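Worth saying up front: this structure is predicted, and the values here are computed from it rather than measured. Note on naming: letters A, B, ... go to the chains in the order of the sequence lines (proteins, then strands), and numbering restarts at 1 for each one.
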There are 2 protein chains.
Amino acid sequence: MFNLNPNTGVPIYRQLMEQVRRMVSSSQLKPGDALPSVRELAMTHAVNPMTISKAYSMLEAEGLLERQRGKAMTVAGNLPLQESKPDRLERLQPAIENLAMAARQLELGSDDVLKAVREHMEKQDA
Amino acid sequence: MFNLNPNTGVPIYRQLMEQVRRMVSSSQLKPGDALPSVRELAMTHAVNPMTISKAYSMLEAEGLLERQRGKAMTVAGNLPLQESKPDRLERLQPAIENLAMAARQLELGSDDVLKAVREHMEKQDA
DNA sequence: ATATGTGTATTATTTTACTAATACACTAGG
DNA sequence: CCTAGTGTATTAGTAAAATAATACACATAT
């Protein structure tokens, strides 16, 4: 469900927060949906439970998740159903800027970059 | 010349290392070329000089840079002139994978992603 | 020689991220 | 009631990242 890589330099709890935000934004996680348990995520990603709990707590502080004693964390109920495509494209911008910077420094033109992106995403769908 | 953002979670010295590697790979930095001085980079990016020095030292340990006492750091002289396009595309992969993951979680299709990338890169060239 | 420019070593401090091992409060099902 | 499942608090420790303030060794141009 999530993709947590401890070798990117990006803190694990930050990776998780960002990915939850995206999936809520696209309604792959809808209001009321339960999130994977802290211990389960910690197990499958070989990470300390408190690292997961930290991400969940910060998302609750943001108002994105709701906490109920003794039960699994759920997506907050007072959220717009799905963000518009422009809003989701806005969330994609940092990844695009990062890609564009790398391409510029590698002196790869938009044609080469677009081809590489297309090939990767088609492989993904298959 | 470089783009160092302290808010991404990625350590500054790692950002710098990666960007130097890319520009050497594309021969925007050629063997013998001097790099910006530690103090200059530290000033313009509001960063501690030792943070820059750490990146330079690690790149020297990699064999990418050469150090000469009292003089500026230079690109090592024993490097292949420019990496092939396939090799540079290989270096682009992490940025592509990151973009594809974000798109998948945002439920944005390849058409929308490609359009957004194209628009961003065209704006860049202008 | 002197001044200015390299990178670096040193020492100390602060902040952040992550791990570890327990224990607690609560919910739900048998 | 009891057990297994939630998230969390607690306390402690380790490691990484970045800052800060000096000081050193060397090169280069004046």
Can you tell me the distance, in whole Å, between the CE atom of B:M43 and the C1' atom of D:dA20? 16 Å

Tell me the side-chain hydrogen bond (donor to acceptor under 3.5 Å, both in side chains) pairs involving residues 45-58 of chain B, sequence neighbours left out? none

Any chance you could pull the hydrophobic cluster mates of A:M101, using side-chain heavy atoms under 4.5 angstrom and chaining through other members? none

Kindly write out the residues that satisfy salt bridge (Lys or Arg N to Asp or Glu O under 4.0 Å) with B:E40, not counting sequence neighbours, or none if the list is empty. none

Output the rounded distance in Å from CG (B:N7) to P (D:dA17). 17 Å

Please determine whether a side-chain nitrogen or oxygen atom of A:S53 lies at a distance below 4.0 Å from atom OP1 or OP2 of D:dG7. no

Nearest-angstrom distance from the residue atom CD of A:E40 to P of D:dA4: 18 Å

D:dG7 phosphate, OP1 or OP2: any side-chain N/O from A:S57 under 4.0 angstrom? no

Contacts of type salt bridge (Lys or Arg N to Asp or Glu O under 4.0 Å), residue B:E90, not counting sequence neighbours: none

Less than 4.5 Å apart, side chain to side chain, heavy atoms only: is that true for A:E83 and A:V24? no

Checking A:K71 now: which residues fulfil salt bridge (Lys or Arg N to Asp or Glu O under 4.0 Å) with it, not counting sequence neighbours? none

Mark up nucleotides 16-30 of chain C, 5' to 3', with B wherever a protein heavy atom is under 4.0 angstrom from a base atom, S wherever such an atom reaches only the sugar-phosphate, and - elsewhere. -SSBB--B--BSS--

Please state how far atom CG in B:L16 lies from atom P in C:dG7, giving the value in whole angstrom units. 12 Å

